[in-house]
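First listed ligand is number 1; within each ligand, the first listed atom is number 1.
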Amino acid sequence: MTNTQVTLVQIDNYGPWTVTPEPRREADLQTLQSRLYADISQFVGNRNGYVFFTRFDNMIAVTNGLDLEDHRLLQESVGNRYPVTLSLGVATGTTPAQALSDATSLIQDAGSAQDENRREILDGRTIDTAYRTAEDLQIAHFDVIDATGEYTDELNAFDSFIEIEQGYASLMRYMRHAHDSLSFFVGGDNIIVVCPDLERADYVDAIEHVQSEVDVALQVGVGRGESAHDAGYAAKHALERCRARGTQVELDW
Ligand SMILES: Nc1nc2c(ncn2[C@@H]2O[C@H](COP(=O)(O)OP(=O)(O)OP(=O)(O)O)[C@@H](O)[C@H]2O)c(=O)[nH]1
């Protein structure tokens with residue numbers, strides 16, 4: 001059974017900060033957000049986790065393998081180097097959406113995202129090393145079949161973007177509601193989905209749903225592992241098998 005450890009990363013009191021004492025230049029905010037994301041991605045990635053930028057002021061991380069001390073160090077390092085601080089809620093669960101929901105409650109219960117007195121909350125629990133297994137995570141790596149030929153080389157860059165985003169929107173809603181899974185656009189035509197224990201038929205259904213709802217053709221490789229990196233890397237290899245064999249779903253087991 002999967003056991004996903006999810007961390008909600010929330011910038012403290014960010015909304016007010018962006019307009020105090022007056023609105024800050026948008027390009028500076030974009031630079032801050034993308035640098036902060038890059039730093040967190042490097043920190044979490046070096047410990048075999050994944051972090052997704054999501055809304056930038058709220059980021060979602062899969063942190064199997066990171067303990068609370070790692071989380072504390074991330075807060076300290078960001079607090080020392082950025083004009084903003086982070087609150088972190090950590091929870092585990094058999095479905096990613098449930099784990100995220102619990103992680104979110106920990107932060108919400110400590111105060112509003114726009115409460116200037118709520119800073120650097122760290123709350124929750126991590127998976128004890130002794131209980132970690134190679135089945136803890138299931139990660140699916142989707143991409144659009146021949147995005148280059150269908151869209152990138154055919155439409156202008158914005159119309160291609162609309163098509164890809166429609167595929168993402170359809171898939172993320174389906175996976176959230178049918179399977180308690182969390183889907184993240186990671187660039188190009190790629191979507192990484194953090195899933196509970198699903199089977200081949202579930203992925204076939206997801207692909208058919210997106211095809212019929214928005215007419216975007218997806219393929220998917222699925223991997224399992226004890227860390228996000230292990231599961232995600234296995235998924236990438238499985239996706240390569242889709243490309244080599246012309247199949248739409250490949251599982252790494
Ligand atoms: N984040 C991420 N992006 C990727 C990855 N592989 C490819 N991309 C992005 O996806 C874009 C399209 O590449 P592909 O998916 O290989 O191209 P395609 O035309 O869809 O071809 P097929 O996937 O073979 O059908 C690239 O320009 C990258 O931006 C990956 O593993 N991770």
Side-chain angles (χ1 to χ4, degrees), residues 4 6 9 30 33-56 58-64 96 137-172 174-175 181-195 198 200 203-204 206-225 227-253:
T4 309
V6 173
V9 179
Q30 294 297 317
Q33 289 171 194
S34 49
R35 288 212 173 123
L36 180 59
Y37 169 65
D39 262 5
I40 297 173
S41 181
Q42 187 170 36
F43 184 97
V44 171
N46 282 343
R47 291 158 180 78
N48 290 329
Y50 276 0
V51 59
F52 302 99
F53 50 78
T54 328
R55 292 196 294 151
F56 286 103
N58 285 263
M59 298 180 242
I60 296 169
V62 179
T63 54
N64 295 59
L137 289 169
Q138 185 172 132
I139 288 186
H141 195 129
F142 286 81
D143 96 338
V144 176
I145 297 174
D146 193 23
T148 310
E150 285 282 322
Y151 306 116
T152 314
D153 292 345
E154 289 300 316
L155 307 178
N156 75 54
F158 198 83
D159 292 339
S160 294
F161 177 60
I162 290 177
E163 295 293 332
I164 302 291
E165 289 287 303
Q166 287 303 311
Y168 173 43
S170 173
L171 182 69
M172 77 156 111
Y174 179 86
M175 294 303 287
S181 302
L182 304 176
S183 308
F184 302 96
F185 180 65
V186 294
D189 63 344
N190 288 239
I191 300 156
I192 291 180
V193 188
V194 188
C195 301
L198 300 184
R200 175 181 300 275
Y203 292 105
V204 171
I207 288 172
E208 283 178 3
H209 173 84
V210 174
Q211 182 80 59
S212 67
E213 190 176 52
V214 294
D215 198 25
V216 171
L218 298 174
Q219 57 195 352
V220 63
V222 189
R224 296 198 287 207
S227 68
H229 167 73
D230 287 350
Y233 206 58
K236 281 171 183 272
H237 283 296
L239 184 60
E240 287 300 309
R241 285 201 297 284
C242 287
R243 295 189 172 118
R245 296 175 183 170
T247 48
Q248 280 194 292
V249 180
E250 289 285 339
L251 311 178
D252 188 57
W253 62 88

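- Nearest protein heavy-atom neighbour of atom 25 (O) of ligand 1: D146 N, 2.7 Å.
- Distance from atom 1 (N) of ligand 1 to its nearest protein heavy atom, with residue and atom name: V186 O, 3.2 Å.
- Proximity of H141 to ligand 1 is established by a heavy-atom distance of less than 4.0 Å.
- Ligand 1 has no nitrogen or oxygen under 3.5 angstrom from a nitrogen or oxygen of I145.
- For atom 32 (N) of ligand 1, the nearest protein heavy atom lies closer than 4.0 Å.
- Each of the following atoms of ligand 1 lies closer than 4.0 Å to a heavy atom of Q219: 22 (P), 23 (O), 25 (O).
- Closest protein heavy atom to atom 16 (O) of ligand 1: R243 NH2, 3.6 Å.
- Between L251 and V249, the closest heavy-atom pair is CD2-CG1, 4.0 Å.
- For D39, the side-chain hydrogen bond (donor to acceptor under 3.5 Å, both in side chains) criterion is met by R81, Y82, not counting sequence neighbours.
- Using a 4.0 Å cut-off between heavy atoms, V144 contacts ligand 1 through its backbone alone, with no side-chain atom that close.
- Nearest protein heavy-atom neighbour of atom 26 (C) of ligand 1: G188 CA, 4.7 Å.
- Given atom 5 (C) of ligand 1, the protein heavy atom at minimum distance is N190 OD1, 3.1 Å.
- Partners of R243 under the side-chain hydrogen bond (donor to acceptor under 3.5 Å, both in side chains) rule, at least two apart in sequence or in another chain, are D143, E240.
- Here the shortest heavy-atom pairing between P96 and L182 reads O-CD1, 3.7 Å.
- Of the protein's non-hydrogen atoms, D143 OD2, 2.6 Å is the one closest to atom 15 (O) of ligand 1.
- At a 4.0 Å heavy-atom cut-off, ligand 1 touches T148 through backbone and side chain alike.
- Of the possible polar contacts, none joining the Y151 side chain to the I162 backbone as a donor-acceptor pair under 3.5 Å is found.
- Between F53 and F56, the ring planes are parallel. Angles under 30° get that label, and only those over 60° would be called perpendicular.
- In this structure, Q248 contributes its side chain and L218 its backbone to a donor-acceptor pair below 3.5 Å.
- Under 4.0 Å from ligand 1, heavy atoms of D189 appear from its side chain as well as its backbone.
- Of the possible polar contacts, none joining the D153 side chain to the G149 backbone as a donor-acceptor pair under 3.5 Å is found.
- Not one N or O on the side chain of Y37 forms a donor-acceptor pair closer than 3.5 Å with the backbone of T54.
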